[in-house]
Amino acid sequence: MSGKIVILGIFVADTAYRAERQPRMGETILGHSFALGPGGKGSNQAVAAAMAGGEVHFVSRLGIDPFAEMARAIWAKAGVIPEITEDAESYTGAAYIFVEQSSGNNAIIVAPGAAGRIAVSDIEARADLISGADVFVTQLEQPIAAAHRALEIARAAGVRTILNPAPAANIPSEMLALCDFVTPNESEAEGITGIAVTSIPEAERAADALLSSGVGTAIITLGENGALYRDPRQSVHVPAFRVGDVVETTGAGDAFNGAFAAALARRSDAIDAVRFGCAAAGISVTRPGTAPSMPSLSEVQSLVLGN
Ligand code: RIB
């Protein structure tokens with residue numbers, strides 16, 4: 001039985017272009033393919049958490065336009081409960097995603113549109129919802145002031161808090177101290193701590209720096225090397241799950257965070273929840289797209305149990 005998960009973040013429409021390489025300024029190149037689909041880190045994480053069995057409420061802002069309909073369709077399909085402010089003065093945003101044909105790796109420009117206007121007042125209006133959660137999750141694609149206020153409300157109510165600090169930003173130390181879990185990837189960990197992460201010992205040093213900032217537990221995701229879990233008592237390297245050829249890595253971090261939150265909300269031990277998140281990420285990279293690549297609870301459970 002899942003506890004309640006509240007996720008604050010953005011939805012955007014992902015426009016994904018597969019090509020051999022990115023064009024240089026002033027250059028046009030031919031791509032291999034194009035796909036339009038639902039994205040945005042917060043929305044992807046909400047979809048991943050709901051697919052992984054969580055009761056998920058997603059707090060955001062949308063315009064009133066066809067991309068907003070795309071958002072509502074993916075949430076309905078995954079079972080995410082929308083907690084949306086409609087914003088007729090703006091538009092539902094979009095992301096340009098370059099997917100490198102040879103590796104499936106990506107480079108992204110995200111324009112949040114209406115979700116870039118999520119205000120502290122939007123958060124205050126959802127204070128009861130956030131206070132009543134078992135797990136609260138946010139990222140940094142919407143204004144940081146909104147994320148900060150939501151974390152304050154969650155912490156004051158004793159809700160377990162997860163900050164996925166993506167994209168990397170300057171995070172006030174008071175905000176980091178409100179987080180039970182902070183889940184950067186290698187480059188975000190470097191952006192926050194100044195420590196380059198190219199090995200497990202470096203990940204441990206970066207994690208220690210996060211713990212010194214008041215974070216409860218640091219979890220550094222390491223792509224094909226899994227994740228490093230670090231709390232004040234222990235450091236555990238959780239290896240990645242390999243399940244097939246990598247098609248697209250976009251959204252793998254979101255698969256991890258959503259599934260991790262779902263496992264925590266089911267009262268899993270935190271290290272088991274990291275393992276569950278790594279399994280979800282391992283499956284998601286074998287599929288194209290972001291939200292549409294999120295695995296079901298049974299798929300993740302079979303992978304975890306089979307290893
Ligand atoms: O984490 C992947 C997501 O980042 C994409 O869906 C894109 O929308 C950007 O927000």
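When a ligand or atom number is given, it counts from 1 through the structure's own listing order. Since we're looking at a predicted model, the values are computed, not measured.
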Which of the numbered atoms in ligand 1 are below 4.0 angstrom from a heavy atom of [X]?
{"X": "Glu141", "result": "4 (O), 9 (C), 10 (O)"}
{"X": "Thr290", "result": "6 (O)"}
{"X": "Ala95", "result": "7 (C), 8 (O)"}
{"X": "Gly39", "result": "6 (O), 8 (O)"}
{"X": "Val12", "result": "8 (O)"}

Using modelled atom types and a 3.5 Å cut-off, is there a donor and acceptor pairing between side-chain atoms of [X] and backbone atoms of [Y]?
{"X": "Asp14", "Y": "Ala16", "result": "no"}
{"X": "Ser213", "Y": "Val215", "result": "no"}
{"X": "Ser235", "Y": "Arg230", "result": "no"}
{"X": "Gln142", "Y": "Gln139", "result": "yes"}

Lys NZ or Arg CZ of Arg21 over Phe98 ring: under 6.0 Å, within 45°: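 Geometry flag: not set, cation outside 6.0 Å or 45°.
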Heavy atom of Gly40, distance to ligand 1 below 4.0 Å: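 Yes, that is the case, since the closest heavy atom of the residue is under 4.0 Å from the ligand.
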Non-hydrogen side-chain atoms of Leu163 and Pro184 separated by less than 4.5 Å: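 No, their side chains stay 4.5 Å or more apart.
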Nearest-neighbour protein heavy atom for [atom], which is reported as residue plus atom name and distance:
{"atom": "atom 4 (O) of ligand 1", "result": "Lys41 NZ, 3.1 Å"}
{"atom": "atom 8 (O) of ligand 1", "result": "Asp14 OD1, 2.6 Å"}
{"atom": "atom 1 (O) of ligand 1", "result": "Asp254 OD2, 2.7 Å"}

Minimal non-hydrogen separation, Thr161 against Ala154, with atom names: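 Here Thr161 and Ala154 meet closest at CG2-CB, 3.6 Å.
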Part of Asn44 with heavy atoms under 4.0 Å of ligand 1, whether side chain, backbone, both or neither: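 Only the side chain of Asn44 comes within reach of ligand 1.
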